[in-house]
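Lettering follows sequence order; numbering is per chain, from 1.
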2 protein chains.
Amino acid sequence: MSTVASAALPRPKQRRLSPEDRRSDFIRKAAEFFSEEGFDGGTRELARKLGVTQPLLYRYFPSKEDLIREVYRTVYLDRWNPEWDALLTDRSQPIRERLQHFYEAYTDAIFTREWMRIYLFSGLKGVEINRWYVGIVEDRILKRIVVEYRHEAGLPEQEPEPAELELGWVLHGGIFYYGVRKHIYGSNVLEDKDRVISNALDVFLEGISRVFGTGVKVRSTLVRRPGSGDEG
Amino acid sequence: MSTVASAALPRPKQRRLSPEDRRSDFIRKAAEFFSEEGFDGGTRELARKLGVTQPLLYRYFPSKEDLIREVYRTVYLDRWNPEWDALLTDRSQPIRERLQHFYEAYTDAIFTREWMRIYLFSGLKGVEINRWYVGIVEDRILKRIVVEYRHEAGLPEQEPEPAELELGWVLHGGIFYYGVRKHIYGSNVLEDKDRVISNALDVFLEGISRVFGTGVKVRSTLVRRPGSGDEG
DNA sequence: CAGCTTATTTATCATATGAAAAATAAGACG
DNA sequence: CGTCTTATTTTTCATATGATAAATAAGCTG
């Protein structure tokens, strides 16, 4: 058999990795893979991307479902920066600035194609961790926004009412949807994310102060005009 | 062979339907099916739900992908009520009321579990019809909101700027996300959808009038307060 | 180098999948 | 009722899938 002179794939040459490295590599690349293919993506194709054979996956994870669970963990957990808790409740600075800084940082953390796709895929599957995360968002972000806003506006302290939380969700969802359009739909969004956040916050805080009937100045420090394009 | 006395499945007894009826029935139920299972749902399970055998599907659709395309059509198309075009641009009534009526009707049309799930599934697949639909939303809804708002606010007529459209998207996405939370995440949302819309519009229109630096009265007729719960 | 552990691969299984071919029977028409 | 059309089912195929068992070889220890 005349072996063709050209590169005949010089044999995969298996290389042993430490189980820890292999495992974490699997999870990280599986997150990439499933984020593109969805969780119905095949283990063989995944293994090809990993540069190993498919059965090796089953030495590290009892089942595909277990691997997926690990992917959830890396995507959902450890994404929250503990400093954000202090930031959102730091009454030494106005809520306008707190929210601007928070949403800039938060969207830096989650506005990736990988994160958003896995978030939506898992949301459609209805997995528990997704519902848990939605609860976290409400508790750690939206309730605080309402409480802190009420405080700054001089309104009486009280548990956020459902209608107030819904308004928080409209803001949050509106910002989130910007990420969906950019990273999932591939729309031609306005590239300046921080400006989109700024405008959204301006409208939200100005609007809510009107709707709630207080004249609190929420734009005391950061004054921007959408479309003027002269703030940077 | 001692046939068991109990109900031995009295034989499916095939029933012929007119091709038109069969076909439309397939598409309608396939939409239900795929909205739950995702487009990776199997044709056999689908056929079971349809009460027919799996190969029959292939008499009506050359391939599974063709069937899915038909599902897209029923979900994406014919969902837009032509009256909405006139409604949104009807300058005989204030924009506040126009938007309230429009979003009540629009969300009545799309806030179903089936629609939202298929919309998200197809968005994740990146199919063309989804991108097309996003363009429709921008052209038929958001651009009009900006134009009509500018008109009512006495601002100069001009093509909506990207930053203005982004603000429209934040409103739209915020309302949309309410539907996602209710119909996909199964969250305990505030059930009064029209009130959520009303509050979102109040905040948006009040806020934008402030941010744009005009004092136009956008709540001249409908005045509601979130959380007061006394407007019904 | 010899010997051992185990990471990795090869081979294989049972089942599920989209799809096609052939067989059957429902129902319309004379 | 007899005949014909065709909607529907039965069989079957080729391939893909998640998962397991056995074989191989990388690389550490002596």
Side-chain angles (χ1 to χ4, degrees), chain A residues 8-72 118 121-122 125 127, chain B residues 1 8-72 121-122 125 127:
Chain A
L9 291 198
R11 192 179 303 171
K13 192 69 176 294
Q14 68 179 230
R15 269 182 44 194
R16 294 161 82 104
L17 256 59
S18 81
E20 299 76 39
D21 291 350
R22 187 64 90 187
R23 185 181 158 86
S24 57
D25 186 57
F26 278 6
I27 296 173
R28 188 164 37 81
K29 290 196 180 136
E32 287 178 31
F33 176 76
F34 287 126
S35 77
E36 287 303 320
E37 308 294 324
F39 294 114
D40 291 315
T43 53
R44 269 161 248 265
E45 202 186 332
L46 169 58
R48 200 176 312 129
K49 177 194 173 92
L50 293 168
V52 300
T53 55
Q54 179 250 3
L56 189 58
L57 287 168
Y58 289 85
R59 183 170 184 90
Y60 289 88
F61 307 96
S63 73
K64 181 184 177 184
E65 205 44 46
D66 285 275
L67 169 57
I68 289 175
R69 250 189 296 275
E70 290 305 306
V71 169
Y72 288 151
I118 287 187
F121 274 126
S122 61
K125 277 213 330 192
V127 294
Chain B
M1 33 165 106
L9 291 197
R11 193 177 303 171
K13 191 71 175 295
Q14 69 179 229
R15 271 183 44 195
R16 295 160 81 103
L17 255 61
S18 80
E20 301 74 40
D21 291 351
R22 188 62 92 185
R23 185 183 158 85
S24 57
D25 186 58
F26 278 6
I27 295 173
R28 189 165 36 79
K29 291 197 180 136
E32 286 178 32
F33 176 76
F34 287 127
S35 77
E36 287 303 321
E37 307 293 324
F39 294 113
D40 291 315
T43 53
R44 268 162 248 263
E45 203 186 332
L46 168 58
R48 200 175 314 130
K49 176 193 172 94
L50 292 168
V52 300
T53 55
Q54 179 251 2
L56 188 59
L57 287 168
Y58 288 87
R59 183 170 184 90
Y60 291 88
F61 308 95
S63 72
K64 180 184 176 183
E65 205 44 45
D66 285 275
L67 169 56
I68 290 174
R69 250 189 297 276
E70 289 305 306
V71 168
Y72 288 151
F121 274 126
S122 60
K125 276 211 335 191
V127 295

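For A:Asp21 and C:dA7, the CG to C1' distance is 13 Å, given to the nearest whole Å. The CD atom of A:Glu20 sits 13 Å away from the P atom of C:dT6 (whole-angstrom rounding). One can place CD of A:Glu37 at 12 Å from P of D:dG18, the figure rounded to the nearest angstrom. In this structure, CZ of A:Arg23 is placed 17 Å from C1' of C:dT8, rounded to the nearest angstrom. The separation between A:Arg16 atom CZ and D:dA26 atom P is 9 Å, rounded to whole Å.
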### Message
For B:Leu46 and B:Lys64: C-alpha separation, side-chain torsions, deciding distance, then whether side-chain contact (heavy atoms from CB on, under 4.5 Å) applies.
### Response
CA-CA 11 Å; B:Leu46 168 58; B:Lys64 180 184 176 183; over 6 Å; no
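Only A:Val52, A:Thr53, A:Pro55, A:Leu56, A:Arg59, A:Tyr60, listed by number, bring a heavy atom of residues 43-71 of chain A to less than 4.0 angstrom from any atom of DNA chain C.
The minimum heavy-atom distance linking B:Val71 with B:Ile27 is given by the pair CG2-O, 4.0 Å.
Between A:Arg22 and C:dT8, a side-chain N or O to OP1/OP2 separation shorter than 4.0 Å is present.
For B:Pro19, the listed nucleotide lying nearest its side chain is D:dA7; candidates were D:dT8, D:dA7, C:dA7.
Ring pair A:Tyr72/A:Phe39: centre-to-centre distance below 6.0 Å.
For residues 34-47 of chain B, the side chain to side chain donor-acceptor pair (under 3.5 Å) pairs, not counting sequence neighbours, are B:Glu36-B:Arg113, B:Thr43-B:Gln54. Sorted by first then second residue, the salt bridge (charged side-chain N to carboxylate O under 4.0 Å, His left out) pairs that include residues 23-35 of chain A, not counting sequence neighbours, are A:Arg23-A:Glu70, A:Asp25-A:Arg28, A:Asp25-A:Lys29, A:Glu32-A:Lys49.
Each of B:Phe33, B:Tyr58, B:Tyr60, B:Phe34 was scored for a ring-ring contact (aromatic ring centres under 6.0 Å, His included) with B:Phe26, with one residue passing: B:Tyr60.
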